[in-house]
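For reference, the structure discussed in these notes is given below.
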Amino acid sequence: MPEVQAHAERLTEQFSGRVLDRFTPFNFTALKTAAPPPDSAYGFPLIQVGRRGKYLLVRFEPVTFVIHLMQGGRLVPDPKLSAKPRGGQARFTFAAGDVIDDVNALLLTEQGKERRAGVWCLSADEVLTSPPLGRLGPEAAGITPGELAVLFGRKSMRIHGFLRDQRMIAGIGRRLANEVCHRAKISPFATTKKLSEAGAVVVAAAIDSCFAESLDYERARPDMSSSKDRVSAVHRRTGEPCRVCEDSIRAVEYSGYTVNYCPTCQTSGKVLADNTTSKFLK
Ligand SMILES: [Zn+2]
């Protein structure tokens, strides 16, 4: 999740050292934990906003707030401090700083009515081992071919599913799963056991380069991109020409996501069962 990584860096730059005054959830689903209470962090300076997998970690000495933004969630500076912010899930209010123009709050918002974004308040020494982070696999960013080969050997999975499975490897979403397979020139349906060590070398390199490119793009922005802003080689480009070979990008649709791939680059020209067309043929 390069967009989450760059956003964490941005928030650290803007807010680290600021002393927490209040944490306010705006509805009863926003805070997912009962203890320790958020007020354990009151009076403490923000150490850092970090990232683990797809989660933001808002770190104070006694507790860490773990935030999952889900699809349309944002954690943004909040100069308005309105009583009922639109889409507002929760707010961190900091003590007024020395600079009068400083924004003193961060607002967690979520568009739509799903309310799936949430905050976990966890004791700092247990945060990485408790839900929701406890069962995450190793970070995708910086994974070595050797580590990846071990994970490949554990269980035979389709590579696209493996990459999206946060318990296997953390931090790759639907877009990067498509992009990594294309960059590695492997079929999204190749199995991890067959890919083995040679496959792990190629996939680790593809993760590295896709992540680095997206991170550069995100770091150059003033705020977190939305999915439509991100430049992709295959993701969401069904029917468009491949940027490498000009073959037409294909899609296999599932209920929660779409697998996009280029037949020439990834499957020796073979077109995989496209259930979007076949459903009309039934
Ligand atoms: Zn291609």
Side-chain angles (χ1 to χ4, degrees), residues 1-6 54 71 140-145 148-149 151-152 156-166 168-221 225-281:
M1 295 312 236
E3 66 276 12
V4 180
Q5 175 65 36
K54 300 177 176 180
Q71 286 290 294
I143 197 155
T144 65
L148 199 57
L151 298 174
F152 279 4
S156 205
M157 293 175 78
R158 306 237 195 229
I159 183 67
H160 196 277
F162 169 89
L163 291 171
R164 284 182 299 105
D165 187 338
Q166 303 300 305
M168 299 305 294
I169 184 169
I172 295 182
R174 292 174 266 206
R175 184 184 78 92
L176 272 185
N178 282 327
E179 296 298 300
V180 165
C181 292
H182 180 257
R183 183 70 53 95
K185 294 194 184 297
I186 53 169
S187 164
F189 299 116
T191 57
T192 51
K193 273 207 171 151
K194 278 193 192 149
L195 283 168
S196 73
E197 279 165 34
V201 172
V202 180
V203 173
I207 290 173
D208 249 13
S209 69
C210 288
F211 196 88
E213 263 173 37
S214 297
L215 192 55
D216 282 349
Y217 169 77
E218 293 291 336
R219 279 176 174 160
R221 296 178 53 98
S225 67
S226 62
S227 51
K228 63 173 176 8
D229 301 327
R230 294 169 203 149
V231 182
S232 297
V234 288
H235 183 69
R236 290 195 170 184
R237 295 191 66 239
T238 310
E240 294 176 33
C242 172
R243 298 189 204 278
V244 175
C245 72
E246 299 193 341
D247 192 357
S248 173
I249 303 298
R250 305 297 177 124
V252 184
E253 302 276 352
Y254 293 92
S255 63
Y257 61 98
T258 302
V259 173
N260 282 121
Y261 69 100
C262 166
T264 298
C265 289
Q266 295 174 258
T267 56
S268 316
K270 193 178 153 216
V271 175
L272 306 171
D274 181 345
N275 49 12
T276 49
T277 349
S278 54
K279 94 179 154 206
F280 297 107
L281 296 174

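For ligands, and for the atoms within them, numbers begin at 1 and follow the listed sequence.
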| message | ring-ring contact (aromatic ring centres under 6.0 Å, His included), that's the test. Do Phe162 and Phe152 meet it? Break it down for me. | response | CA-CA 9 Å; Phe162 169 89; Phe152 279 4; 5.2 Å; yes

| request: Could you pull out all residues at least two apart from Arg219 that satisfy side-chain hydrogen bond (donor to acceptor under 3.5 Å, both in side chains)? | output: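 Once residues adjacent in sequence are excluded, the partners of Arg219 under the side-chain hydrogen bond (donor to acceptor under 3.5 Å, both in side chains) criterion are Glu9.
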
| request: Please determine, by modelled atom types, if Arg250 and Thr238 share a side-chain donor-acceptor pair under 3.5 angstrom. | output: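 Not at all, the side chains of Arg250 and Thr238 share no donor-acceptor pair under 3.5 Å.
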
| task | Have a look at the Zn ion (ligand 1) and estimate, to 10 degrees, the angle subtended by SG (Cys245) and SG (Cys242). | result |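 The SG/SG angle about the Zn ion (ligand 1) sits at 110°.
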
| query | Given SG of Cys265 on one side and SG of Cys262 on the other, what angle do they make at the Zn ion (ligand 1), to 10°? | reply |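 Result: 110°, to 10°.
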
| request: Measure from the Zn ion (ligand 1) to each N, O or S atom of His182 and report whether any distance is below 2.8 Å. | output: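 Checking His182: none of its N, O or S atoms is under 2.8 Å.
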
| request: State whether Arg230 and Glu218 are salt-bridged, where the test is any N-O pair (Lys NZ or Arg NE/NH1/NH2 against Asp/Glu carboxylate O) under 4.0 Å. | output: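 Glu218 and Arg230: salt-bridged.
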
